[in-house]
Structure formats: structure tokens, C-alpha cells
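Only one structure is covered here, and it is reproduced in the block below.
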Amino acid sequence: MSRIRYADSGTVRIAYELRGALHRRRPWLILIQGMGLDRLGWEPVLRKLRRHFRLVLVDNRGVGHSDRPDGSFTVADMAGDIVAVLDAAGISRAHVLGASLGGMVAQELAISHPERVDGLVLACTAPGWPFTYPMPVASIRAIASATRMTAVAARRRHVENAVSADTVRHRPELVNRLLELQGSRPADADVLPAQAAAGARYAGGLRQRRIGARTLVLHGGADRVVDPRNGRLLAQRIPGARLVTFPELGHLLFWEDPDGFADAVTSFLVTRPQPAAAARALAEFAVGYFRTWRGDA
């Protein structure tokens, strides 16, 4: 049974968990969640990822068991938190997987601390201002309407907006599980605006061109929180990056198709094939995924 550990990042204590640490031949993979979710937001993919990696699960500042910082903070501050966790755990270098706001943190980590990053996976995220596609209108409307709702109704509105319309219609049990998770581990009311502001202020510029880590970009084609075109922007901007788009999946694609998501991450990170072989492996994964989704297989 893993236990909660803590790393000191300046005046803030960051909670984290190590899973599978005894499997010393497996590489480390640190997972960074997005806005409002703690480390258990990775729940659906942990079983598959743990077969291939030693996992570091982090509670971002202000959520889960991590300290609530006073005032505002930046994506760079959050990247510093990840360095503090790696230092505390005695990990010199790891693969990094970040989703949404966590994807911005992962980008900043790869830019500012390249020596700590092996492979990089960026899921449902954006490169930051000024060269980015803005939040889709659906999300802007969801945020505006939620201010006039009860807390429970607003939570449902945000969860339903974070998955695809098809998932909302046909998989109510998944929506209810997400609501249960968020209801049992709610983020601090003051932290959500601070996290949102950190993401909104993140100015990636063209700094992603400096990322040297081999990079995989994953995005849902029906993402209503982060415009899917941002996935293409990131893949074009980061040297040698690969892009896999999951058709008909929303922002929380790792909840909607955890097996497909974990397979994509694993097939990219576990081996170090030559560029042509890597391209073939990802192309084969994408073709197989499309066939399964269409029901051809």
C-alpha cells in the first residue's frame, strides 16, 4: 500500500505518492493533473500504466493533500513543485505526463528543466499565449451559466462539458463517477480561480521549440474545454513531436477511453525506436484505434 509523502517547494508542501517503486527496471513516470483534480483524477489509467512504469502521482498545490498557497501562483511555480517532488523522491530523470493545466506545467518543466525530463506526453492542453486557440464558446457558456447554479448543479455542468456529448448521452455512469470523485474530494474554492488564472496567464510563446524531449501530443477531437487545434499547434511547434487525436472524445479522454489512452502513452514511452519505426508504431496504433472505434475490428 503506497503512502502519502511530502516535498517542500518553497513554503508550500506538495503531496505525492509512489506506486510500483520496487520494480526497479521500470522507468519512472510522473503524472500531473489539470484544474481541480488531485492525483486520483488518474484513476482509470493507473492499472495499465503501472504494468510498465513506476508512478509518481502528484497533488498540485491547493488540491488533495498539498498545501493551499496564499495568493496567486504561476505555471512556473507549479513546475518548481514537480522538481521539488523529484528531488524529494530521489529521482533524477523521469517521463512526464501532463493533462490540461498539468500539460502546461509539463511543457514548462521540459523547457526550464530539460535535464529532468526523458519522454514527454502532453494531453488535452495548449501552448499558452499569445499563439494559441482560445477556449471554445461551449466552455465559456458553461462557466457563465454555472455562476447562477447551485454548487451541485454547477459541478454537473462542468463535468458534462469536460466529456463528449456522446459520453453524456450514452455513459451516464461515467459522468456520475466523475461527480462522485469531485464531490468527495472538492478543491478549495479559492484555489480554482488561482489555478484558472495561472493557466490563462501562461505565455508559452514559441518557447516549445526549445523542448528536446521526445514528445507525444494526445487530444480528443470533441474537446470542448481546450480547442483540439491546440494539439496540432503543439505537435508542429515541438521538434519531432507526434500527434494522436482520439475521435469523438472530449477533454477528459483518459476517463472516456482509459485503455486507448494508456496504450498510446505506453507504446510511445516504453521503447526507444528509431524515428521511422516510432512513426510506424504510432501510425499502427492510430489505424487500429480508428478501426475499433468504427466497429471494423
Side-chain angles (χ1 to χ4, degrees), residues 32 34-35 75-76 78-79 95-114 116-139 164 198-254 257 260-261 263-269 271-290 293:
I32 313 169
M35 181 175 158
V75 166
M78 298 176 74
H95 296 311
V96 179
L97 165 57
S100 197
L101 175 61
M104 293 180 173
V105 176
Q107 291 172 56
E108 187 62 28
L109 183 69
I111 294 167
S112 302
H113 303 275
R116 309 307 294 268
V117 180
D118 191 354
L120 179 65
V121 181
L122 304 174
C124 50
T125 192
W129 297 101
F131 307 111
T132 192
Y133 289 99
M135 180 180 287
V137 173
S139 277
S164 70
R201 290 196 306 265
Y202 182 58
L206 298 176
R207 294 163 66 238
Q208 289 87 2
R209 292 176 176 172
R210 290 159 45 187
I211 293 177
R214 55 198 183 95
T215 303
L216 174 65
V217 179
L218 303 174
H219 218 112
D223 192 333
R224 295 181 286 184
V225 177
V226 176
D227 192 313
R229 292 176 293 179
N230 284 304
R232 188 166 64 251
L233 274 184
L234 279 170
Q236 291 171 346
R237 198 165 295 168
I238 299 171
R242 307 290 181 186
L243 171 65
V244 173
T245 300
F246 290 72
E248 302 302 314
L249 297 189
H251 190 60
L252 296 179
L253 67 163
F254 46 92
D257 184 8
F261 182 91
D263 287 346
V265 171
T266 301
S267 65
F268 181 76
L269 292 179
T271 59
R272 286 181 174 274
Q274 296 301 312
R280 278 197 306 275
L282 277 174
E284 289 169 2
F285 168 82
V287 169
Y289 184 87
F290 280 120
W293 172 66

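Computed from a predicted model, the values in this text were never measured in an experiment.
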Please enumerate all residues that pass side chain to side chain contact (heavy atoms under 4.5 Å, CB included) together with [X], with sequence neighbours excluded.
| X | result |
| --- | --- |
| Thr266 | Leu49, His52, Phe53, Val270 |
| Ala138 | Asn161, Arg224 |
| Ala213 | Val117, Leu120, Ile211 |

Considering all heavy atoms of both residues, which atom of Phe254 and which atom of Ala99 are nearest to each other, and what is their separation?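 Looking at all heavy atoms of both residues, the closest pair is CE2-CB, 3.8 Å.
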Might you point out which heavy atoms bring Met35 and Leu101 nearest each other, and give the distance in Å?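 In this case the closest contact between Met35 and Leu101 is N-CB, 4.0 Å.
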Applying the side chain to side chain contact (heavy atoms under 4.5 Å, CB included) test to Phe268, which of Leu218, Asp263, Leu216 qualifies?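 The option that passes is Leu216.
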Applying ring-ring contact (aromatic ring centres under 6.0 Å, His included), can you list everything that pairs with Tyr202, at least two apart in sequence or on another chain?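 Per chain and number, Tyr202 pairs via ring-ring contact (aromatic ring centres under 6.0 Å, His included) with no residue.
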Test side-chain contact (heavy atoms from CB on, under 4.5 Å) on Leu233 and Tyr133 and set out the steps. CA-CA 9 Å; Leu233 274 184; Tyr133 289 99; 3.7 Å; yes
Residues which pass side-chain hydrogen bond (donor to acceptor under 3.5 Å, both in side chains) with [X], listed by chain and number, not counting sequence neighbours:
| X | result |
| --- | --- |
| Asn230 | Thr132 |
| Thr215 | none |
| Arg237 | none |
| His219 | Asp223 |

Evaluation steps, side-chain contact (heavy atoms from CB on, under 4.5 Å), between Arg214 and His95: CA-CA 10 Å; Arg214 55 198 183 95; His95 296 311; 3.8 Å; yes
Worked verdict on Leu234 versus Gln107 for side-chain contact (heavy atoms from CB on, under 4.5 Å): CA-CA 10 Å; Leu234 279 170; Gln107 291 172 56; 3.6 Å; yes
Apply salt bridge (charged side-chain N to carboxylate O under 4.0 Å, His left out) to Arg229 and list each qualifying residue two or more places apart in sequence or on a separate chain.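 Arg229 satisfies salt bridge (charged side-chain N to carboxylate O under 4.0 Å, His left out) with Asp227 only.
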Restricting to salt bridge (charged side-chain N to carboxylate O under 4.0 Å, His left out), what partner residues turn up for Arg207, sequence neighbours left out?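 By the salt bridge (charged side-chain N to carboxylate O under 4.0 Å, His left out) rule, Arg207 matches Glu108.
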Spell out, as yes or no, whether a donor-acceptor pair under 3.5 Å connects the side chain of Trp129 to the backbone of Ala200.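 Judged by distance alone, yes, a pair lies under 3.5 Å.
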Ser164 side-chain N/O to Glu248 backbone N/O, donor-acceptor pair under 3.5 Å: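 Yes, because the side chain of Ser164 sits within donor-acceptor range (under 3.5 Å) of the backbone of Glu248.
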Please test Cys124 against Leu253 for side-chain contact (heavy atoms from CB on, under 4.5 Å), starting from the C-alpha separation and ending with a verdict. CA-CA 8 Å; Cys124 50; Leu253 67 163; 4.0 Å; yes
